[in-house]
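Questions regarding the structure given below will be posed in turn.
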Amino acid sequence: MMDPVVLGQILAGLFFFAILATLMFGYLVAFALGGLSIVFAVLGWMVGAFDANLLSSLATRFFGVITNPVLIAVPLFVFMGVVLEKSRIAEVLLTTMGQLFGTLRGGLGFSVVIVGTMLAASTGVVGATVVTMGLLSLPAMMRAGYDPRIATGVICAAGTLGQIVPPSTVLIFVADIMQGANAAAQMEMGNFAPDTISVGDLFAGAFIPGMALAFLYGLYIAFRAFMNPAACPALPMTPEERRGLGRRTVVALVPPMALIIAVLGSIIAGVATPTESASVGSLGAIFLMIVKMLADHHLDDGSGNTEALEKRLMTFWLGFLAVLVAVGFFAGAFGLLTLLIVAVALGSVAVLATGALRGRFAEIIRETNKATMAITSMIFVILLGATAFALIFTRMGGGELVQGMLEQMPGGQLGALILVMAIMFVLGFFLDTFEIVFIVVPITAPILLMMGLDPILLGVLIGINLQTSFLTPPFGFSLFYLRGVAPRTISTGTMYRGVVPFVIIQLSVLAVVYMFPKTATWLPDYLFRSPPAVEAPVEPAAEQGGAESDAGGGSFDLDGGAPEGEGGGAFDLDGGAPEGEGGGAFDLDGGAPEGEGGSGGAFDLDGGAPEGEGGSGGAFDLDGGAPETDGGG
């Protein structure tokens, strides 16, 4: 009979490909993951490759997912994005930016990139951004004579910036998975106190690459406008249309900029965690919606003259900004948060007291809550299915299978990374971003981290790669969103060809970020990691019994000064023989090598017999060398 370990790895490989096949046939993701997990768990149990008792841990794992405080930010950011979508603030911003830059060659393309970047930094909702820009900008670009490939390509690409520019929902899940993967990888390598990876770290790490992507999109539009002016013509505007453009720009720009500063600024300044900043963003989005509703109702005199309304709104926003600056200067972050809460409370009272607005306000909040619950439930049900998949796949030996495959790749770390990125890129043609995150990242991330990749760098590379999945046919969701609102005169093939240059730009940025890791790691290091303290030189103490080695600092060394192994901090009474990798143990076994369990902190009196692989940290072993259980002492 075949070895159960080999059978388990074969089943794990079949399990992975079965998941991909069912998803490509259109089965619901969460139920495909959960259902096939149970099927292959039963198959593994029947051939002795899987312990069915492990299924009892699923309930605990599910509870841990649902109660994870980091993931509370997900529904809050979704809520913020849906509120901004329904308040139609994006439409005002898009129209104004089109007028501001439209007189330049490629100006409408620049406006799409700028608005896409701002909406990405304030909402992170790709679908709403692409649909809004497709409804407003695409007709204007077609009337101006833009090449349909450029118009559709830049709209789809700018809309996907919400996947890499913080606050991105995808980055929240990547950061959460990366945190667990980094802890597992570091413990496997013997580091039991690894640096934690937070959502704020990944947000900061993705900021510079995200801005670089937006800049390169704009640079491509400028290049096409320079090389072929007819493909990106300027938009003629009459003096009447340009009148009051400065006021309209202030009115359109200040609200989303204030929200971006409140959300990202609070994270970068260290004032709030991403979860707390998400709550600030939700309140801020409600406040912006309230101001717009009240302005449209009370400040509009009904004459159709928008100039008076724009003047009043500009005065209000400039005054509100002055108050924000004053409160922030004198009262700090607590004062700003208090001011925002008071403003939302007063605004809500004013809206509810206005009969004409009460019903509309309640309807927007109701629709926003329903949309937020639907999107959040979809994401978390997929995550629960992916949790079951990860448990069964790894316990059947899938982790060792993937590790062996990656370690045998030519080129070492680079070869393994290229393979993983290529797999994710190809899967992006057929699968959704969240499916790739929950299936591929937990399997491959720990192995890549053990090969020496920085976790923040790897998270940013994954985020950039996943962004391409929205643009790659046949299942690129940005293409689907735009196809739904684009005129029939623009063919689907034209849209496919239009996104190709932007996919190349994304892959180029992916390569540049890997070659220059500081583009992803410098900002989080600068913001969240203080430089190591410079210690004063210490005079060497009088040596007893001979010179000591540099290794094994902090130990009580009574072996006559012979060089130590890598077990710093141990009481060494073995005559100087090299130790195994079990640092911190009281070793009285005559120097025989320890097992692979790390056995940190164990009193080993068993005559040097190898320990089990359970880690046995902190166990008093007096059993004469019998193997320990996997409980870790």
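Only a predicted model underlies this, so the values are computations on that prediction, with no experimental measurement involved.
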Inset, instruction - Would you mind reporting whether Thr354 and Phe361 have side-chain heavy atoms less than 4.5 Å apart? - result: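 They are not in contact (no side-chain heavy atoms under 4.5 Å apart), so the answer is no.
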Legend entry - Non-neighbouring partners of Ser282 that pass side-chain hydrogen bond (donor to acceptor under 3.5 Å, both in side chains), sequence neighbours left out: none
Inset, instruction - Starting from the C-alpha separation in whole Å, work towards a yes-or-no answer on ring pair (Phe, Tyr, Trp, His ring centres under 6.0 Å) for Phe438 and Phe389. - result: CA-CA 9 Å; Phe438 296 149; Phe389 164 77; over 10 Å; no
Legend entry - Under 3.5 Å: donor-acceptor pair, side chain of Thr468, backbone of Asn465: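 Present.
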Legend entry - Partner set under side-chain hydrogen bond (donor to acceptor under 3.5 Å, both in side chains) for Arg483, not counting sequence neighbours: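 Once residues adjacent in sequence are excluded, the partners of Arg483 under the side-chain hydrogen bond (donor to acceptor under 3.5 Å, both in side chains) criterion are Thr492.
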Inset, instruction - Please assess Phe502 against Phe470 for the test ring pair (Phe, Tyr, Trp, His ring centres under 6.0 Å), listing each intermediate value before the final yes or no. - result: CA-CA 11 Å; Phe502 296 95; Phe470 278 84; over 10 Å; no
Inset, instruction - Would you list the pairs meeting side chain to side chain donor-acceptor pair (under 3.5 Å) in which at least one residue belongs to residues 68-77, sequence neighbours left out? - result: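 Residue pairs passing side chain to side chain donor-acceptor pair (under 3.5 Å), neighbours aside: Asn68-Asp176.
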Legend entry - N/O donor-acceptor pair under 3.5 Å between Ser198 side chain and Asp201 backbone: yes
Inset, instruction - Please name all residues satisfying side-chain hydrogen bond (donor to acceptor under 3.5 Å, both in side chains) with Thr160, sequence neighbours left out, ordered by chain then number. - result: Gln467
Inset, instruction - Please determine if Glu363 and Arg360 form a salt bridge, counting it only when a charged side-chain N lies under 4.0 Å from a carboxylate O. - result: no
Inset, instruction - Not counting sequence neighbours, list each pair that qualifies as a side chain to side chain donor-acceptor pair (under 3.5 Å) and has a residue in residues 70-81. - result: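 Matches after skipping sequence neighbours: none remain.
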Legend entry - pair Ile462-Met421: side-chain heavy atoms closer than 4.5 Å: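 A side-chain contact under 4.5 Å exists here.
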Legend entry - By side-chain hydrogen bond (donor to acceptor under 3.5 Å, both in side chains) - contacts of Asn369 (at least two apart):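 Scan of Asn369 (side-chain hydrogen bond (donor to acceptor under 3.5 Å, both in side chains), adjacent residues dropped) gives none.
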Inset, instruction - Please test Ser469 against Thr433 for side-chain hydrogen bond (donor to acceptor under 3.5 Å, both in side chains), starting from the C-alpha separation and ending with a verdict. - result: CA-CA 7 Å; Ser469 67; Thr433 301; 2.9 Å; yes
Inset, instruction - Please answer whether the main-chain N or O of Leu391 pairs with a side-chain N or O of Thr394 as donor and acceptor at a distance below 3.5 Å. - result: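 Confirmed, Thr394 side chain pairs with Leu391 backbone.
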